[in-house]
Amino acid sequence: MFDYNGKKIVFEGKDSKNPFAFHYYDPERVVAGRKMKDHLKFAMSYWHTINASGTDMFGGDTADKNFGEPYGMERYMKKADFAFDFMQKLGIEYYCFHDVDVAPEGKNLEESVRNLEVITDYFAKKQKETGIKLLWSTANMFSDKKFMAGAATSPNADVFAVAAGKVKAAIDAAIKLGATNYVFWGGREGYDTLLNTNMGLEVDNLARLLTMARDYGRAHGFKGDFLIEPKPKEPTKHQYDFDVATCVNFLRKYDLLKDFRMNIEANHATLAMHTFQHEIRVARINGVFGSIDANQGDMLLGWDTDQFPTNIYDTTLAMYEILKEGGFKNGGLNFDAKTRRQSNTYEDMLLAYIAGMDSFALGLIKADELIRDGRFDKFVEDRYASYKDGIGKRIVEGKENLESLAAYGAKLENIKVDSGRQEYLEALLNDILFR
């Protein structure tokens with residue numbers, strides 16, 4: 001049943017029993033005026049798919065991702081060959097990476113940058129051969145021990161300097177490979193205790209690095225979005241990029257809203273005690289929606305488990321927000337997800353991606369149905385109808401003040417607030433999902 005025949009994964013429909021086929025993702029199917037593949041813009045995460053080998057805090061590797069090569073550039077070339085073949089098998093048209101995912105680190109920044117330049121030259125050839133594109137690149141500024149107290153927010157200025165060099169090199173890679181985004185994931189940009197922390201300087205320095213990156217990118221022809229990926233709690237207790245609302249406040253304070261958007265991850269929303277839909281909605285209403293890291297967490301675990309998304313409620317409500325936004329512009333759906341430690345075969349990797357791609361394809365279909373059905377929009381519109389005329393309209397138009405409203409409300413009695421009908425709406429969502 002689980003013998004993969006090596007052929008490209010294709011759409012066979014929901015009645016197919018073939019595990020190595022798409023049951024909902026039909027890339028050429030038109031939904032809400034666009035092909036599925038253009039709505040979803042699936043991307044492969046290099047770090048999880050090509051590098052992650054099942055290691056966790058309690059045990060070592062369960063999968064071999066060395067590709068039969070010793071440590072060095074040869075291994076990374078083999079990884080690249082595998083990565084582009086894997087994406088072609090699945091029909092994935094985009095990928096994402098950190099600098100250290102794709103090239104070995106050298107003894108210093110200069111050597112590391114040289115390695116990155118060699119491998120991105122190879123990527124450029126692979127992209128030309130396959131038509132696969134880079135969605136975004138970024139710099140890993142959290143794994144090496146020098147980043148133990150942060151990168152831009154490190155108390156050591158030499159660390160800040162190296163971080164700036166890594167960002168420059170990763171932006172150069174984004175420009176070379178035609179990426180439409182560059183991502184900042186804070187990693188260790190936060191603190192564990194205020195007893196040893198100058199928070200004001202750290203946050204100012206974080207803004208300084210982002211501003212330098214923006215200015216460098218624009219000066220060298222990068223026209224895409226700079227993205228911040230909000231994440232709470234992990235690995236530091238107090239992350240400066242806790243959630244979308246926190247990041248929006250940061251960007252507004254430092255006058256970066258014009259160039260920066262959000263890269264929203266489902267599992268990070270969970271860790272911030274939000275829903276995935278909430279984080280996308282906050283980004284939408286603040287004009288900073290950018291891209292998605294598609295995964296899900298385990299509600300019983302307090303860390304970033306990065307599981308492949310299979311919850312159709314989450315994918316539907318996420319795609320509902322994305323359709324309401326008008327779809328992706330520069331962003332896409334990057335599978336920042338890894339197979340479970342016990343799922344350690346090549347077939348498991350394919351099955352995981354099929355599950356995630358099908359889940360978002362079905363979410364897209366159902367989100368479009370929710371919008372075309374119209375009852376949710378109509379209910380919300382009716383619920384706020386008091387702001388369409390009378391005193392409510394005057395409030396929205398700015399024609400009232402405290403004195404006038406106090407006079408209006410002075411003798412109001414028996415004000416009735418209509419039912420929110422939450423249970424009805426949740427049942428309606430079920431009806432559309434499972435009809």
Side-chain angles (χ1 to χ4, degrees), residues 41 43 46-47 76 80 93-106 108-128 131-142 147 151-154 157-187 189 204-229 241 247 250-251 254-263 287-288 290-291 328-332 334:
K41 293 178 68 177
Y46 216 95
W47 53 101
Y76 286 87
E93 297 183 345
Y94 299 88
Y95 68 111
C96 305
F97 66 79
H98 306 75
D99 51 0
V100 301
D101 300 333
V102 299
E105 286 195 271
N108 54 33
L109 176 63
E110 182 180 31
E111 188 174 300
S112 295
V113 171
R114 190 161 54 247
N115 290 340
L116 182 62
E117 289 171 346
V118 170
I119 199 70
T120 51
D121 285 344
Y122 192 62
F123 281 178
K125 294 178 182 177
K126 302 296 288 188
Q127 288 186 193
K128 187 175 181 180
I132 292 169
K133 298 172 281 293
L134 179 62
L135 186 67
W136 54 254
S137 61
T138 187
N140 179 319
M141 300 188 292
F142 48 87
F147 298 122
T153 62
S154 174
D158 287 347
V159 173
F160 187 104
V162 172
K166 283 171 67 69
V167 169
K168 175 185 176 297
I171 292 175
D172 288 340
I175 294 169
K176 178 196 293 188
L177 297 173
T180 53
N181 307 272
Y182 181 85
V183 171
F184 287 90
W185 178 60
E189 310 292 30
D204 285 347
N205 278 348
L206 180 57
R208 289 184 179 104
L209 182 61
L210 268 57
T211 301
M212 291 175 190
R214 186 271 315 274
D215 292 346
Y216 177 82
R218 295 295 182 241
H220 288 79
F222 181 68
K223 301 185 186 307
D225 289 333
F226 291 95
L227 302 176
I228 292 179
E229 183 171 325
D241 51 1
C247 291
F250 171 87
L251 294 173
Y254 293 101
D255 196 25
L256 292 167
L257 275 174
K258 179 181 176 182
D259 295 282
F260 282 78
R261 298 289 180 267
M262 295 294 113
N263 186 57
V288 294
S291 198
F328 290 111
K329 297 176 179 64
N330 289 327
N334 169 52

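None of the values given here were measured: they were computed from a predicted structure.
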Under the ring-ring contact (aromatic ring centres under 6.0 Å, His included) test, which residues partner F147, sequence neighbours left out?
none

For N181 and F222 the tightest heavy-atom approach is C-CZ, 3.6 Å

I would like to know whether L206 and F250 meet side chain to side chain contact (heavy atoms under 4.5 Å, CB included); could you show each step before the answer?
CA-CA 10 Å; L206 180 57; F250 171 87; 3.9 Å; yes

Smallest heavy-atom separation, V167 atom then A213 atom, equals CG1-CB, 3.8 Å

Output the distance between atom CG (L116) and atom NE2 (H98), rounded to the nearest 0.5 Å.
13.0 Å

Contacts of type side-chain hydrogen bond (donor to acceptor under 3.5 Å, both in side chains), residue R114, not counting sequence neighbours:
none

Take atom CG of D255 as the centre, draw a 6.0 Å sphere, and report whether it contains more than 12 heavy atoms from other residues, nucleotides or ligands.
no

So, using side-chain contact (heavy atoms from CB on, under 4.5 Å) as the criterion, who are the partners of A80 when residues are at least two apart?
Y46, Y122, F123

Of all the heavy-atom pairs spanning V113 and A169, show the shortest one and how long it is.
CG2-CB, 3.8 Å

Apply the test side chain to side chain contact (heavy atoms under 4.5 Å, CB included) to residues V118 and Y76: give CA-CA distance (whole Å), side-chain angles for both, the deciding distance (0.1 Å), then the verdict.
CA-CA 10 Å; V118 170; Y76 286 87; over 6 Å; no

If every non-hydrogen atom of E229 is compared with every non-hydrogen atom of W185, which pair is closest and at what distance?
O-CD1, 3.6 Å

Does a side-chain heavy-atom distance below 4.5 Å link F260 with L210?
yes

Within the side chain of S137, is there an N or O that forms a donor-acceptor pair under 3.5 Å with the backbone of F97?
no

Applying side-chain hydrogen bond (donor to acceptor under 3.5 Å, both in side chains) to D99 and not counting sequence neighbours gives K166

With distance as the sole test, does N115 use its side chain to make a donor-acceptor pair with the main-chain N or O of P104 at under 3.5 Å?
yes

Show your reasoning for whether side chain to side chain contact (heavy atoms under 4.5 Å, CB included) applies to H220 and I171.
CA-CA 9 Å; H220 288 79; I171 292 175; over 6 Å; no

Atom CG of N263 and atom SG of C247: how far apart are they, to the nearest 0.5 Å?
10.5 Å

With sequence neighbours excluded, tell me which residues meet salt bridge (charged side-chain N to carboxylate O under 4.0 Å, His left out) with E93.
K37

List the residues meeting side-chain hydrogen bond (donor to acceptor under 3.5 Å, both in side chains) with E111, not counting sequence neighbours, and say none if there are none.
K107

Taking the side chain as every heavy atom from C-beta outward, state whether Q127 and L177 have any atom pair closer than 4.5 Å.
yes

Which atoms form the tightest heavy-atom contact between L209 and A152, and what is the distance?
CD2-CB, 3.6 Å

Can you list everything that forms a side-chain hydrogen bond (donor to acceptor under 3.5 Å, both in side chains) with T153? Sequence neighbours excluded, please.
E189

Under 4.5 Å between any side-chain heavy atoms of K126 and I132, yes or no?
no

Before giving the answer on side chain to side chain contact (heavy atoms under 4.5 Å, CB included), spell out for D204 and R208 the whole-Å C-alpha distance, their side-chain angles and the decisive distance to 0.1 Å.
CA-CA 6 Å; D204 285 347; R208 289 184 179 104; 3.4 Å; yes

Partners meeting side-chain contact (heavy atoms from CB on, under 4.5 Å) with T180 (sequence neighbours left out)
L135, N330

Sort and list the pairs that fulfil ring-ring contact (aromatic ring centres under 6.0 Å, His included) and have at least one residue in residues 159-182, not counting sequence neighbours.
Y182-F184

Please enumerate all residues that pass salt bridge (charged side-chain N to carboxylate O under 4.0 Å, His left out) together with D121, with sequence neighbours excluded.
K176

According to the salt bridge (Lys or Arg N to Asp or Glu O under 4.0 Å) rule, which pairs have a member within residues 216-228, sequence neighbours left out?
R218-D259

All salt bridge (charged side-chain N to carboxylate O under 4.0 Å, His left out) counterparts of K168, not counting sequence neighbours:
D172

Pick one: which of V183, N334, L227 meets side-chain contact (heavy atoms from CB on, under 4.5 Å) with S291?
L227

